[in-house]
Undergrad: 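Handing you a structure now.
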Amino acid sequence: MIARNLTDAVLAEAAASPSPTRAQVRRSTWLAASAAVVCSAGAFLVAGGVRPTGRPDALLAATAALSALVALVAVGAAMTRPASPDGRTRAALLAVVLGVPAALFAGKLLLSASWPGMTVWWSDRVGLRCLGLAMTVGAAPLVAALWSWRWRVVARPALTGAALGVASGACAWLLVDLWCPVGNPQHVALGHVLPLALLAAAGALARVWRRS
Amino acid sequence: MALVVFKGRAGRHVLVQGISEADADAAMDRYACGDAAAFRVVAEFVTPKLFAFVRRRLNDDATAEDVVQQALINMHRARGDFAPGAKLLPWAYSIARGVLIDQLRRRGRERRLTERVLARPMAMFATSPDARHEANEVASALRATYAALPPAQRDAFAMQQTGVKLADAAAQTQTTVTAMKLRLHRAVQRLRACFGADDRKDPT
């Protein structure tokens, strides 16, 4: 009685290790998301919060609006439930992983270049402080997303994890952009884009490790 | 309600009460909401389908059953993620496909590792051209014999080569330690025959 034995073995295993129901998953996801927002916002405020530091208000508003829009798109594409049981398509995930950093980088540089003196090199602001803040602020949403997705089945775990990392990094970008006045390309690449790559790598590794 | 035939290990046939797809979808929805009893309906509906799906790709009943069992456990773990109103079968196939891919990758890794282990002594002792030629012949015979081993024996040998304990290997393949020892013994006997050093009769 193989089918019966197999079913009985699985039912015994299921009874021995209960899994969260849909309501519990929903509740824990909201809790994780709320905790991530509190942690990220807390780290941002501890670091000093919004700092215009000589930036025109219009530039600050424009970069913040662009960052918020891209972050919203990234979160929607990477963190919401896809229609297919296999998860997002490879093309959609690649678009997030490659397109979001490119859009944020290009948008920041183009907007900064539209105001005089906003892309100059600051010798005392290489980008390491922005890197640290972005990693700190971006880690919380990534951990929350990975935790909420720990049992979710996806066909492309590494790419999905990378997309989660980039979406977390995009949220961090918004806050770091409000904090950092530097629009120099080298600074933006090191302090703002590199954290997205690092968070993407962390997300990919975590998802692959979770699967193995 | 209809009856379906499910062909299990060793060709035995088991009749399972048929369940309609809509009933199974509703049962999974109830299970996602916490109705523990509904999982039996889900498991009985998807097991024959997943088994047929996996066996077509593995051509090995014992491993196919392991994959289906792991897929069912993954479905249990992920039940909270089953969307309201979603279809059960595409979701179950998606989970089984993931487990199947992992299984195929693991099998590939074990095979490559075992081939390296088998080939190493040949390279170490082959000093002259003649010895190298002979070593290559033995290595080819070993590879051919290893490839021709029954999957259960090959898996037992591969697990032993990768350092898996007999008890763990037996648990993984859902068999007894004695059966694992027997599979391993038979695999080693067949491989030894390639060296021509062991003329004892293969117990199989």
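Side chains are part of it too, since the values below use all heavy atoms of this structure and drop only hydrogens, waters and symmetry mates. Letters A, B, ... are given to chains in the order of the sequence lines, protein chains preceding strands, and every chain is numbered from 1.
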Undergrad: Nearest 0.5 Å, what's the CD1-CG distance between B/Ile73 and A/Leu11?
TA: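 Nearest 0.5 Å value for the CD1-CG distance: 10.0 Å.
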Undergrad: Looking at B/Ala83, B/Ala43, B/Gly34, which has the largest count of heavy-atom pairs under 4.5 Å with chain A?
TA: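 Answer, by heavy-atom pair count under 4.5 Å with chain A: B/Ala83.
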Undergrad: Check each atom of A/Arg81 against the heavy atoms of chain B and say whether the ones under 4.5 Å are side chain, backbone, both or neither.
TA: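 For A/Arg81, the side chain is the part near chain B, not the backbone.
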Undergrad: Side chains of B/His76 and A/Val10: does their closest heavy-atom pair fall under 4.5 Å?
TA: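 No, their side chains stay 4.5 Å or more apart.
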Undergrad: Check ring-ring contact (aromatic ring centres under 6.0 Å, His included) between A/Phe44 and all other residues, then give those that pass, not counting sequence neighbours.
TA: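 Checked A/Phe44 against ring-ring contact (aromatic ring centres under 6.0 Å, His included); zero matches.
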Undergrad: Would you say B/Asp81 and A/Arg22 make side-chain contact, with heavy atoms under 4.5 Å?
TA: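 No, every pair of side-chain atoms sits at 4.5 Å or beyond.
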Undergrad: Quick one: ring-ring contact (aromatic ring centres under 6.0 Å, His included) partners of B/Phe53, sequence neighbours excluded?
TA: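 B/Phe53 satisfies ring-ring contact (aromatic ring centres under 6.0 Å, His included) with B/Tyr93 only.
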Undergrad: Do B/Arg79 and A/Ser19 have a side chain donor and acceptor closer than 3.5 Å?
TA: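 A pair is found: one side chain offers a donor N or O, the other an acceptor, under 3.5 Å apart.
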Undergrad: With a 6.0 Å cut-off (strictly less than), is the heavy-atom count around CZ of A/Arg150, excluding the residue itself, greater than 12?
TA: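 Yes.
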Undergrad: Where do B/Gln69 and A/Thr7 land on the side chain to side chain contact (heavy atoms under 4.5 Å, CB included) test, with the steps shown first?
TA: CA-CA 8 Å; B/Gln69 185 167 1; A/Thr7 308; over 6 Å; no
Undergrad: Side chain from CB out, backbone as N, CA, C, O: work out which of these in A/Thr29 comes under 4.5 Å of a heavy atom of chain B, or both, or neither.
TA: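 Neither; nothing under 4.5 Å.
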Undergrad: Taking side chain as everything from C-beta outward and backbone as N, CA, C, O, which of these in B/Ala32 sits under 4.5 Å from a heavy atom of chain A? Side chain, backbone, both or neither.
TA: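 Both backbone and side chain.
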Undergrad: Heavy-atom cut-off 4.5 Å, strictly under: side chain, backbone, both or neither for B/Asp35 against chain A?
TA: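 B/Asp35 has no heavy atom closer than 4.5 Å to chain A.
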